[in-house]
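Below is one structure, written out as structure tokens; comments come after it.
In what follows, every chain begins at residue 1, and chains take the letters A, B, ... in the order their sequences are listed.
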There are 2 protein chains.
Amino acid sequence: MTAPPAAGGRTLAHPAPEDIRLEDVLHALSDPLRLGIVRDLAGGRGELACSDFDVPVTKSTTTHHFRVLREAGVIRQVYRGTAKMNGLRRDDLDALFPGLLDSLLAAAARQEERRAHD
Amino acid sequence: MTAPPAAGGRTLAHPAPEDIRLEDVLHALSDPLRLGIVRDLAGGRGELACSDFDVPVTKSTTTHHFRVLREAGVIRQVYRGTAKMNGLRRDDLDALFPGLLDSLLAAAARQEERRAHD
DNA sequence: CTCATTCTACGAAGGACATCGTAGTTTGAC
DNA sequence: GTCAAACTACGATGTCCTTCGTAGAATGAG
């Protein structure tokens with residue numbers, strides 16, 4: 001993991017790539033709120049703080065969902081001052097399951113489009 | 001309840017293609033047992049009866065898992081005598097989410113291979 | 001009709017999950 | 001040091017999920 005000096009040094013436990021299980025990834029993404037978070041992260045804007053997301057739940061619940069995503073190996077979280085930055089583990093996921101993440105994101109986009117056209 | 005019109009053929013409720021939701025599909029596949037069932041169905045042998053699967057749970061539980069898969073729109077179930085035949089809804093899923101099913105199956109196969117090489 | 005096979009329905013128990021409120025920790029700024 | 005901002009930990013609650021056992025219905029064969 002070799003995190004950079006990361007001011008202060010609170011570190012968060014992330015699963016190693018070989019410990020990422022497909023079932024956990026699918027379960028993490030089966031929640032609409034978490035799927036939305038992942039879609040936002042894949043939007044190209046790089047890392048985002050937890051507070052940058054506009055979710056309809058309290059902060060406690062938000063924390064919970066981010067932890068589920070992190071423990072499933074879907075996102076990477078790093079402290080940066082008082083904020084916690086979130087990034088997609090696209091490299092690891094693509095290496096483990098080639099094409100899966102893109103298919104999932106495309107499916108989610110397609111479904112949203114279909115719903116809007118209704 | 002009132003007498004079901006199931007004379008000469010019990011029919012089972014399946015979601016219409018436009019009612020299949022990605023979250024439900026992912027949730028259905030996030031269970032190792034159900035993922036295994038889907039992998040078997042994708043194995044090319046076409047339709048299989050519920051009793052053709054060798055799962056480590058009782059029949060009650062097996063019925064439950066098949067129902068979850070059917071209600072999520074992943075499989076199609078049809079009565080045939082005393083047996084209930086199960087088939088993957090590959091056509092519908094491919095139309096809704098192109099490439100998703102193949103990516104998922106490939107990911108599952110890859111994970112199993114990696115586990116065997118350990 | 002009787003019977004075995006196959007699957008279902010119902011109820012129950014145990015655990016997991018999503019949600020919240022409150023209290024607390026860490027960090028950076030004043 | 002004091003304070004606000006961001007996030008976490010803990011406990012609680014209600015809901016859903018998985019599992020099972022038992023009893024029962026539909027079908028086809030004898």
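Annotation: the span from L96(B) atom CG to I20(B) atom CD1 amounts to 5.5 Å, rounded to 0.5 Å. With rounding to the nearest 0.5 Å, the separation of CZ in R70(B) from NE2 in H14(B) is 6.0 Å. Taking CZ from R114(A) and CD from E18(B), the interatomic distance works out to 8.5 Å, rounded to the nearest 0.5 Å. Summarising the geometry, atom CG belonging to L29(A) is positioned 8.5 Å from atom CG belonging to L100(A); distances are rounded to the nearest 0.5 Å.
Close to dA9(C), at under 4.0 Å from its OP1 or OP2, lies a side-chain N or O of R67(B).
For DNA chain C, the neighbouring residues in residues 54-65 of chain A, judged by any heavy atom under 4.0 Å, are V57(A), T58(A), S60(A), T61(A), H64(A), H65(A). Using a 4.0 Å cut-off on heavy atoms, none of the residues of residues 20-37 of chain B approach DNA chain C.
The CZ-P distance, from F53(B) to dT6(C), rounds to 15 Å in whole Å.
Listed candidates were dT18(D), dT26(C), dC7(C). Nearest to the side chain of S51(B) is dC7(C). In the set dA6(D), dT27(C), dC7(C), dC7(C) carries the atom at the smallest distance from any side-chain atom of A49(B).
Looking at which nucleotide of DNA chain C each of R80(A) and M85(B) is closest to, the 5′-most match is held by M85(B).
The only option from R76(A), R89(A), R80(A) that meets the salt bridge (charged side-chain N to carboxylate O under 4.0 Å, His left out) definition with E47(A) turns out to be R80(A).
V74(A) is not listed as a side-chain neighbour of L101(A), based on a closest heavy-atom distance of 4.5 Å or more.
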Detail all sub-3.5 Å separations between protein N/O atoms and N/O atoms belonging to nucleotides 2-5 of chain D.
none

Please tabulate, for the side chains in residues 49-59 of chain B, all donor-acceptor contacts under 3.5 angstrom to protein atoms that are two or more places apart in sequence or on a different chain.
residue	atom	partner	partner atom	Å
D52(B)	OD2	A49(B)	N	3.0
T58(B)	OG1	T61(B)	OG1	3.2

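Among residues at least two apart or in separate chains, side-chain hydrogen bond (donor to acceptor under 3.5 Å, both in side chains) pairs with a member in residues 26-38 of chain B are R34(B)-H65(B).
Heavy atoms from other residues, nucleotides or ligands lying under 6.0 Å from CZ of R115(B) number more than 12.
For D40(A), there are no side chain to side chain donor-acceptor pair (under 3.5 Å) partners, not counting sequence neighbours.
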